A.B. asks: 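Before I ask anything, let me first share the structure, which is written out below as structure tokens.
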Number of protein chains: 2
Amino acid sequence: MTKSFVTAKEVAALAKVSRSTVSRTFTEGASVAPDVRQRVEEAAKALGYRVNKLAQNLSADQSQIVGVVGSNLSTPFAARQLDQLSRGLLQRGMQCLLLNAADAQHDISPLIEQVLEFRVRAIVIMSGAPPGAIIDECLANGVRVIVVNRQTDVETDTILSDDVAGVRQAAERLIMAGCRFPAVVSSSARTQSQARRRNEFLKLMFEAGLEPAIWAQGVMSYETGQLAARDLLATETVDGVFCVTDLLALGFLDAARDMGRRVPEEVSVIGFDDIPQANWSAYQLTTIRQPLDELTDAVLAAIDRDVRGGNSRPIRRILPATLIERATVRAPTTV
Amino acid sequence: MTKSFVTAKEVAALAKVSRSTVSRTFTEGASVAPDVRQRVEEAAKALGYRVNKLAQNLSADQSQIVGVVGSNLSTPFAARQLDQLSRGLLQRGMQCLLLNAADAQHDISPLIEQVLEFRVRAIVIMSGAPPGAIIDECLANGVRVIVVNRQTDVETDTILSDDVAGVRQAAERLIMAGCRFPAVVSSSARTQSQARRRNEFLKLMFEAGLEPAIWAQGVMSYETGQLAARDLLATETVDGVFCVTDLLALGFLDAARDMGRRVPEEVSVIGFDDIPQANWSAYQLTTIRQPLDELTDAVLAAIDRDVRGGNSRPIRRILPATLIERATVRAPTTV
DNA sequence: CCCTCATTTGCACCCGCGTTCATAAAATCC
DNA sequence: GGATTTTATGAACGCGGGTGCAAATGAGGG
């Protein structure tokens with residue numbers, strides 16, 4: 001019943017040629033007589049032959065597979081990122097081996113090891129903490145590693161959006177709105193971009209002579225944002241909130257409204273990422289947009305890069321984040 | 001610079017054993033003397049050896065890769081589905097080769113062919129139109145095909161949520177709310193589940209003596225839902241809307257409110273899927289829940305199944321969809 | 001002390017395909 | 001038309017690793 005796949009040998013037998021000729025028929029730019037080629041192709045079609053990529057990649061010692069490790073894939077931002085990336089890979093004739101790091105903060109070495117076993121062409125790390133040692137090992141083996149939105153001490157391709165500049169715009173905007181009692185909301189997960197955004201916000205606020213309330217609990221989710229609002233608005237005097245993620249901001253918004261606080265009149269809220277929901281008319285969240293398209297393009301470009309001159313230096317691209325004005329921050333006050 | 005990977009041969013040389021012994025050391029249940037095993041393992045670690053899955057799978061004539069074809073991956077429902085599935089696969093020691101069918105209605109044969117070349121263990125089809133011919137070919141080659149939320153004429157594993165029963169609950173609920181002028185909203189994409197939900201709704205409404213307005217345009221998105229509301233509420237008398245997808249329903253809700261219509265007092269709205277956003281407090285959308293967890297479990301079970309007795313008949317599981325009462329449908333009227 | 005049996009190990013071959021290399025056939029040149 | 005170049009084809013080898021088989025080693029029993 002469960003017959004095995006058709007091999008080139010069987011095609012060769014049917015077409016009455018050698019297996020080498022079959023191989024050549026399916027190899028670009030090999031020399032095969034037209035009539036023979038046709039005979040082989042017919043035989044292949046009749047038998048339902050398709051090359052075994054496993055074997056093909058084995059002798060070539062490289063595959064067109066790209067390993068992608070990510071986490072929180074149901075989160076709007078990550079989902080869009082993966083959607084774009086996987087589509088781009090497919091368009092470029094590469095395969096996308098998805099490794100879902102269930103837990104962001106865990107060490108993702110085992111995942112990388114797993115993907116290495118497939119002699120992948122490149123590894124894209126969208127999340128998780130990759131220890132330098134294993135990245136070095138990848139690079140030593142000629143596997144390009146592309147790290148997204150994360151600083152690494154290792155010399156490898158790095159693509160990130162300009163969190164610092166983005167946060168600066170957010171902070172300035174809140175200050176322009178006349179906020180006196182800022183707060184910053186994040187989850188308890190200590191991912192790099194979260195920490196970077198939070199710390200930069202704190203730094204800027206201190207420089208402006210303000211002392212933000214700090215809230216950091218739970219997982220990265222809408223519900224955590226709600227919780228933050230209930231905590232902060234009940235116990236603190238807060239008139240301007242920076243949520244390190246839109247998801248948090250949306251939860252914050254809803255809970256604030258449920259508590260009867262008016263946004264932006266009583267409290268301004270600003271997020272980060274610009275996920276689609278931020279633009280839904282129930283929210284109209286003012287936020288900092290991550291340049292997702294450019295991010296994806298940069299990743300794809302970095303992967304393609306290794307085809308050409310081998311040992312050029314690693315890419316390091318910082319893409320601009322921009323303030324998207326919507327309706328959750330008070331209009332600038334003319335001081 | 002770009003050195004190749006370490007092979008078993010090199011490990012053998014270092015450990016002063018034969019390559020077979022190295023192979024056996026990494027093979028479950030093979031007979032290797034304890035001291036030799038340790039020597040080999042040390043050598044392997046020192047050299048950074050890892051087995052080449054390509055080669056391993058080649059001789060085994062099967063991989064632990066599962067091909068997953070999906071589309072609209074940034075959509076909340078699909079994203080969650082993929083998240084769960086990829087996590088489950090990883091936990092079970094399988095790899096997830098993601099094929100992103102950019103366009104749902106296109107023929108996905110080329111995608112399947114591509115994934116077949118990797119001698120995958122199974123193929124999960126979450127979207128797209130798989131022609132029966134190629135599925136037959138998969139099955140003939142011993143590759144299990146699992147189709148999710150889609151009826152097929154081919155005899156293969158099928159997992160679907162009970163759209164019909166779900167829609168019945170939605171329709172009954174709207175009727176209970178006293179709706180006289182129902183409408184059904186879908187996108188113009190002619191995916192099976194959309195069509196099934198719409199047609200079933202129409203049928204039930206006709207049976208109840210009502211004649212629903214039909215709206216079907218655009219892509220599957222929040223914005224399309226907004227558009228539907230603007231169209232329907234402006235030109236028709238509508239007091240009860242079934243959106244075949246939560247995403248549509250949320251857009252509909254927002255646009256309806258923006259037009260000043262009160263929900264559920266003036267118009268009741270009910271969705272399908274129960275995506276996380278449906279439970280956000282700005283919406284509180286009454287909807288039909290697809291049993292996502294059970295769906296994923298069933299898919300994973302179907303994949304695992306092929307380990308055991310080979311030629312048992314294909315699975316066909318229909319999982320119950322349940323009405324989730326929230327706040328967008330009027331309370332039942334006591335007729 | 002010799003024989004038997006269990007365990008360990010190396011050899012050789014196979015998986016399916018790409019790729020020299022040599023050879024046969026065809027085409028070109030003078 | 002013979003010499004030379006080009007082209008087409010098949011045999012053989014390698015990619016990295018699994019595995020059947022037989023030799024080698026060691027332990028146990030009579």
Side-chain angles (χ1 to χ4, degrees), chain A residues 2-41 43-44 47-65 116-121 141-143, chain B residues 2-41 43-44 47-65 116-121 141-143:
Chain A
T2 61
K3 307 191 58 172
S4 164
F5 283 85
V6 176
T7 75
K9 189 156 65 175
E10 304 174 45
V11 176
L14 181 60
K16 303 216 185 301
V17 294
S18 78
R19 201 188 52 69
S20 317
T21 303
V22 176
S23 175
R24 274 189 274 265
T25 305
F26 291 95
T27 304
E28 193 72 23
S31 158
V32 170
D35 56 331
V36 177
R37 150 162 278 133
Q38 187 186 344
R39 218 167 65 224
V40 172
E41 283 173 348
L47 263 46
Y49 167 75
R50 61 189 87 252
V51 302
N52 186 336
K53 284 272 182 196
L54 261 34
Q56 196 176 49
N57 292 337
L58 175 58
S59 38
D61 199 35
Q62 210 213 15
S63 68
Q64 289 298 83
I65 301 178
L116 268 182
E117 293 175 350
F118 283 98
R119 303 301 188 253
V120 293
R121 170 159 170 188
N141 285 328
V143 175
Chain B
T2 61
K3 308 189 56 173
S4 166
F5 283 84
V6 176
T7 76
K9 189 155 65 175
E10 305 175 44
V11 176
L14 181 60
K16 304 217 184 301
V17 294
S18 77
R19 198 186 54 69
S20 317
T21 303
V22 177
S23 174
R24 273 189 273 265
T25 305
F26 291 95
T27 304
E28 192 72 22
S31 155
V32 172
D35 55 332
V36 176
R37 150 162 277 134
Q38 188 185 344
R39 218 167 65 224
V40 172
E41 282 173 349
L47 263 45
Y49 168 74
R50 60 189 86 256
V51 303
N52 186 335
K53 285 273 182 194
L54 261 32
Q56 196 175 50
N57 292 336
L58 175 59
S59 38
D61 199 36
Q62 210 211 18
S63 67
Q64 289 297 82
I65 302 178
L116 268 182
E117 293 176 350
F118 284 97
R119 303 301 188 254
V120 292
R121 170 158 169 189
N141 285 328
V143 175

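In what follows, every chain begins at residue 1, and chains take the letters A, B, ... in the order their sequences are listed. What you see is a predicted model; the values in this text were computed from it and never measured. Reckoned from all heavy atoms, side chains included, excluding hydrogens, waters and symmetry mates.
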A.B. asks: Can you identify which nucleotide, out of D/dG16, D/dG14, D/dG17, has its nearest atom closest to the A/S59 side chain?
C.D. replies: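 When the side chain of A/S59 is considered, D/dG14 is the closest of D/dG16, D/dG14, D/dG17.
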A.B. asks: Give a yes/no on whether any side-chain N or O of B/T7 is located under 4.0 angstrom from OP1 or OP2 of D/dG16.
C.D. replies: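 No, B/T7 has no side-chain N/O under 4.0 Å of OP1/OP2 on D/dG16.
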A.B. asks: Taking all non-hydrogen atoms of both residues, which atom of B/R24 and which atom of B/S31 are closest, and how far apart?
C.D. replies: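 Minimum heavy-atom contact is CD-O, 4.1 Å.
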A.B. asks: Tell me, please, which residues at least two apart from A/Q64 pass side chain to side chain donor-acceptor pair (under 3.5 Å).
C.D. replies: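 For A/Q64, the residues satisfying side chain to side chain donor-acceptor pair (under 3.5 Å) (neighbours in sequence not counted) are A/R121.
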A.B. asks: Just distance, no hydrogens or angles: give the donor-acceptor pairs under 3.5 Å from side chains in residues 32-39 of chain A, sequence neighbours left out.
C.D. replies:
| from | atom 1 | to | atom 2 | distance (Å) |
| --- | --- | --- | --- | --- |
| A/R37 | NH2 | A/T25 | O | 3.1 |
| A/Q38 | NE2 | A/E42 | OE2 | 3.1 |
| A/R39 | NE | A/A15 | O | 3.1 |
| A/R39 | NH2 | A/A15 | O | 3.1 |

A.B. asks: At a heavy-atom distance below 4.0 Å, what parts of residues 12-19 of chain B sit against DNA chain D?
C.D. replies: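 B/R19, in order of number.
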A.B. asks: Please write out each protein N/O paired with an N/O of nucleotides 20-22 of chain C under 3.5 Å, distance rounded to 0.1 Å.
C.D. replies:
none

A.B. asks: Side-chain N or O of B/T21 less than 4.0 angstrom from OP1 or OP2 on C/dG10?
C.D. replies: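 Yes, within the criterion.
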A.B. asks: So for the helix from C/dC1-D/dG30 to C/dC30-D/dG1, with five pairs setting each end axis, what is the inter-axis angle to 10°?
C.D. replies: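 Axis-to-axis angle, ends of the helix: 40°.
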A.B. asks: Extract from the structure each pairing of a protein N or O with an N or O of nucleotides 24-26 of chain D at less than 3.5 Å, listing the distance.
C.D. replies:
none

A.B. asks: State which residues pass side-chain contact (heavy atoms from CB on, under 4.5 Å) with A/S63; sequence neighbours excluded, sorted by chain then number.
C.D. replies: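 Testing A/S63 for side-chain contact (heavy atoms from CB on, under 4.5 Å), a comparison that skips the adjacent residues, returns A/N57, A/I65.
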A.B. asks: Of all the nucleotides listed (C/dG16, C/dT7, D/dG17), which has the minimum atom distance to the side chain of A/N52?
C.D. replies: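 The answer is C/dG16, which lies nearest to the side chain.
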A.B. asks: Applying side-chain contact (heavy atoms from CB on, under 4.5 Å), can you list everything that pairs with B/S18, at least two apart in sequence or on another chain?
C.D. replies: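 If we apply the side-chain contact (heavy atoms from CB on, under 4.5 Å) test to B/S18, skipping adjacent residues, the hits are B/S20, B/T21.
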A.B. asks: A/Q56 side chain N/O closer than 4.0 Å to the phosphate oxygens (OP1, OP2) of C/dG16?
C.D. replies: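 A/Q56 to C/dG16 OP1/OP2: no side-chain N or O under 4.0 Å.
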A.B. asks: Output all residues satisfying salt bridge (charged side-chain N to carboxylate O under 4.0 Å, His left out) with B/E10, sequence neighbours left out; order by chain, then residue number.
C.D. replies: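 Counting only residues at least two positions away or on another chain, B/E10 forms no salt bridge (charged side-chain N to carboxylate O under 4.0 Å, His left out).
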A.B. asks: Which side-chain N or O atoms in residues 49-56 of chain B pair as donor and acceptor under 3.5 Å with protein atoms at least two apart or in another chain?
C.D. replies:
| from | atom 1 | to | atom 2 | distance (Å) |
| --- | --- | --- | --- | --- |
| B/R50 | NH1 | A/E113 | OE1 | 2.9 |
| B/R50 | NH2 | A/E137 | OE1 | 3.4 |
| B/R50 | NH2 | A/E137 | OE2 | 2.1 |
| B/N52 | OD1 | B/L54 | N | 2.9 |
| B/N52 | OD1 | B/A55 | N | 3.4 |

A.B. asks: List in chain and number order the residues that pass side-chain contact (heavy atoms from CB on, under 4.5 Å) with A/K16, two or more places apart in sequence or in another chain; answer none if no residue qualifies.
C.D. replies: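 A/K16 satisfies side-chain contact (heavy atoms from CB on, under 4.5 Å) with no residue once adjacent residues are dropped.
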